[in-house]
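Contents: one structure, followed by commentary.
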Amino acid sequence: MATLPRLKPREFYDLVVEVALIRPGPIQGGSVHPYIRRKNRREKVSYPHPLMENALKKTLGVPLFQEQLMQLAIDVAGFNPNEADKLRRAMGSKRSMERMAELKTRLYQGMAERGITGEVADGIYLKLSSFANFGFPESHAMSFAYLVFASAWLKRYHPAAFCAALLGAQPMGFYSPQTLVDDARRHGVTVLRPDINASHAKATLVPGTREKAGKGEPPGQWGKGGPAVRMGLSSVRTLGEDVAKRIAEHRPYHDMVDLARRAGLHPATLTGILDRLERGGWVARDRHPSDRRAALWAAGAAAQERDHRLPGTVTGVRAPALPGMDAIDELVADVWATGLSPDTHPAAFARAHLDSLGAVPIEALHRVPDRTRVLVGGIVTHRQRPGTAGGVTFINLEDETGMLNVTCSVGLWQRYRRVARTSNALLVRGVVESAEGVVNLNADRLAPLAVPVRPTSRDFR
């Protein structure tokens, strides 16, 4: 693997600022949009009072870090270092709003002594009190920024390894395994189902053909020939990591009866485990989809295997002629057994219906002009209502082409409350908001969308 490149100091600090910027403290303190405008040179850098320049110069006159607020209190209100540290602790305390209020009189007195009164003094106090809800220490933001940069670099140049690592660390993070797999697939990564004769307990890479690094790519870049990600056995529903490790340690297996005998599976759980393995079609490697129903039939027979029985005496393993699974059957089986489909996205099965309605694929929204009213459809992966959003709810919508943030006003949410809260997939009509490569949708109508499975979403409490 190529070495992680070094960023220039200014480039890295810009990333640090971006990490710290979109947080409740800067948002409530009104720091976000002024910083963006100044960074893009659409607004001149200025300071409400000359005494503020010392603390705020490196962030273009906009307060972003706890340390800056401490320095600001020293410069504009005459706080000593001990008082500034009390302010820092107040900003990080669970009862910080009460403790910040105790310091209010001291702040205003100090500012008045330096000629800072009225709206300027009120603005400084607003910024200080806003950070009481949540403001990043600069050191925290730097550590976070390094993780962001390293993760983004790995995803760009080693997307399969990045995906495998995230799948192996589940449950974790904001995004579900299905979303991670769909994103990897859109970036050219092949994700393979678990296989008892190929999979480890955790997700691993299946080596492919290394190709010469392209222009601008680091040495060792995997080319289009590989690698793929092989899902781990522990991803199978209720299988568990201990059982998955035991199955992996004793491979290869000749058939299901061999698996039942040598893996040391408890008889009480054997039938269910084989059922889950076969429902996903994973016991025989590279099995044709039409064989999956027959294999599921055979799983029940293999569960008869016991240590005290003679080998080869299990009956009923050979299934009669059975119909094969179609694409929807396979999707349902995959999602039931592991919570995701490695081959396709549930929204893809609604694409013909979406096209007939004139719905725009999410990926195509980047080419739609700003302020255009459109219709989109997809799976709901998240519903979020941050305390700083004034009652606005954000829905994350996902189809087979990408993800989209949908903004729902308070009035819209009340109007479509039942549909918005209970639908696993939605049709959303709204106005495109596109700026600097970022696309959102401001919704004005919601309707349920039928899909073959009912994926769960991560919702606010």
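Worth saying up front: this structure is predicted, and the values here are computed from it rather than measured. All residue numbers refer to positions in the sequence shown, counting from 1. When reading the values below, keep in mind they use all heavy atoms of this one structure, side chains included, and skip hydrogens, waters and symmetry mates.
Scored by the salt bridge (Lys or Arg N to Asp or Glu O under 4.0 Å) test, D75 finds no partners at all (sequence neighbours excluded). Checked against side chain to side chain contact (heavy atoms under 4.5 Å, CB included), T401 has the following partners two or more places apart in sequence or in another chain: P361, I362, E363, D399. Scanning for ring-ring contact (aromatic ring centres under 6.0 Å, His included) contacts around H382 gives F174, Y175, with sequence neighbours left out. Evaluation of the side-chain hydrogen bond (donor to acceptor under 3.5 Å, both in side chains) rule for D355 yields no partner, not counting sequence neighbours.
Ring orientation note: the planes of Y157 and W153 are tilted relative to one another, at an angle of 30° to 60°.
N40 places a side-chain N or O within 3.5 Å of a backbone atom of I36 that can act as its donor or acceptor partner. With hydrogens and angles disregarded, no donor-acceptor distance shorter than 3.5 Å links the side chain of S423 to the backbone of L426. Looking at S151, its side chain never comes within 3.5 Å of a backbone N or O of V148 through a donor-acceptor pair. Checked by atom type and distance alone, the side chain of R38 pairs as donor or acceptor with a backbone atom of L60 at under 3.5 Å. A donor-acceptor pair under 3.5 Å links the side-chain atoms of Q170 to the main chain of L166, judged by distance alone. Using a distance-only test at 3.5 Å, with no hydrogens or angles considered, a donor-acceptor pair links the side chain of R114 to the main chain of G110. Using modelled atom types, no side-chain atom of Q414 and backbone atom of G411 make a donor-acceptor pair closer than 3.5 Å. Looking at S234, its side chain never comes within 3.5 Å of a backbone N or O of A244 through a donor-acceptor pair. Between the R106 side chain and the A77 main chain, a donor and an acceptor come within less than 3.5 Å of each other. Side-chain atoms of R445 do not come within 3.5 Å of backbone N or O of L412 as any donor-acceptor pair.
Within a 6.0 Å sphere centred on CZ of R418, heavy atoms belonging to other residues, nucleotides or ligands number 12 at most. Shown here is N80, whose CG atom has more than 12 heavy atoms of other residues, nucleotides or ligands within 6.0 Å.
Paired with V428 under the rule side-chain contact (heavy atoms from CB on, under 4.5 Å), one option of D444, V374, I395, L441 passes, and it is L441.
Sorted by first then second residue, the ring pair (Phe, Tyr, Trp, His ring centres under 6.0 Å) pairs that include residues 352-381, not counting sequence neighbours, number zero. Every pair passing salt bridge (charged side-chain N to carboxylate O under 4.0 Å, His left out) that includes a residue from residues 48-66 is listed here, sequence neighbours excluded: K58-E138.
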**Item:** Working for side-chain contact (heavy atoms from CB on, under 4.5 Å), residues T59 and F65
**Value:** CA-CA 9 Å; T59 53; F65 304 113; 3.9 Å; yes
**Request:** Any chance you could lay out the side-chain contact (heavy atoms from CB on, under 4.5 Å) test for L397 and V376, step after step, and finish with the verdict?
**Result:** CA-CA 9 Å; L397 205 66; V376 296; 3.8 Å; yes
**Asked** side-chain contact (heavy atoms from CB on, under 4.5 Å) between N405 and T407: does it pass, once the steps are laid out?
**Response** CA-CA 7 Å; N405 182 58; T407 303; 4.1 Å; yes
**Asked** Can you list the steps and then say if R186 with E400 is a salt bridge (Lys or Arg N to Asp or Glu O under 4.0 Å)?
**Response** CA-CA 8 Å; R186 288 192 290 267; E400 73 277 21; over 6 Å; no
**Message:** Apply side-chain contact (heavy atoms from CB on, under 4.5 Å) to residues N54 and Q71 and explain how you reach the verdict.
**Reply:** CA-CA 8 Å; N54 177 51; Q71 186 62 51; 3.4 Å; yes
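In this structure, the side chains of V17 and K39 stay at 4.5 Å or more apart for every pair of heavy atoms. Residues R156 and F162 form no side-chain contact, since every pair of their non-hydrogen atoms from C-beta on lies 4.5 Å or further apart. No side-chain heavy atom of P227 sits less than 4.5 Å from a side-chain heavy atom of V206. E398 has its side chain out of reach of L404: every pair of non-hydrogen atoms, C-beta onward, lies at least 4.5 Å apart. In this structure the side chain of E433 reaches within 4.5 angstrom of the side chain of R371, judged on heavy atoms. Within the 4.5 Å cutoff, no side-chain heavy atoms of V360 are placed close to those of L375. At a threshold of 4.5 Å between non-hydrogen side-chain atoms, the residues L192 and V229 do not count as touching.
Looking at Y108 and D122, their side chains do bring a donor and an acceptor atom within 3.5 Å of each other. No hydrogens or angles considered: a donor-acceptor pair under 3.5 Å links the side chains of T381 and N396. Side chain to side chain, T393 and R385 meet the donor-acceptor criterion of an N or O pair below 3.5 Å.
When all heavy atoms are compared, the tightest approach of L427 to P448 is CD1-O, 4.1 Å. Of all heavy-atom pairs spanning L233 and P194, the tightest one is CD2-CB, 4.1 Å. Taking each heavy atom of Y47 and G61 in turn, the nearest pair found is CE2-CA, 3.4 Å. Scanning all heavy atoms of the two residues, the minimum distance from A84 to F79 falls at N-CD2, 3.9 Å. For V451 against P346, the heavy-atom pair with the smallest separation is CG1-O, 4.2 Å. Residue L167 comes nearest to P177 through the heavy atom pair CD2-CB, 4.0 Å, listed as atom of the first residue, atom of the second, then distance.
In this structure, M111 CE and I124 CD1 are separated by 5.5 Å, a value rounded to the nearest 0.5 Å. A distance of 10.5 Å separates CZ in R351 from OG in S356, rounded to the nearest 0.5 Å. Considering NE2 of H158 and CG of L205, their distance stands at 10.5 Å, rounded to 0.5 Å. Summarising the geometry, atom NZ belonging to K44 is positioned 15.5 Å from atom CZ belonging to R37; distances are rounded to the nearest 0.5 Å. Taken from CE in M70 to CD in E83, the straight-line distance is 11.5 Å, to the nearest 0.5 Å. Once rounded to the nearest 0.5 Å, the distance linking OG1 of T179 with CE of M403 reads 6.5 Å.
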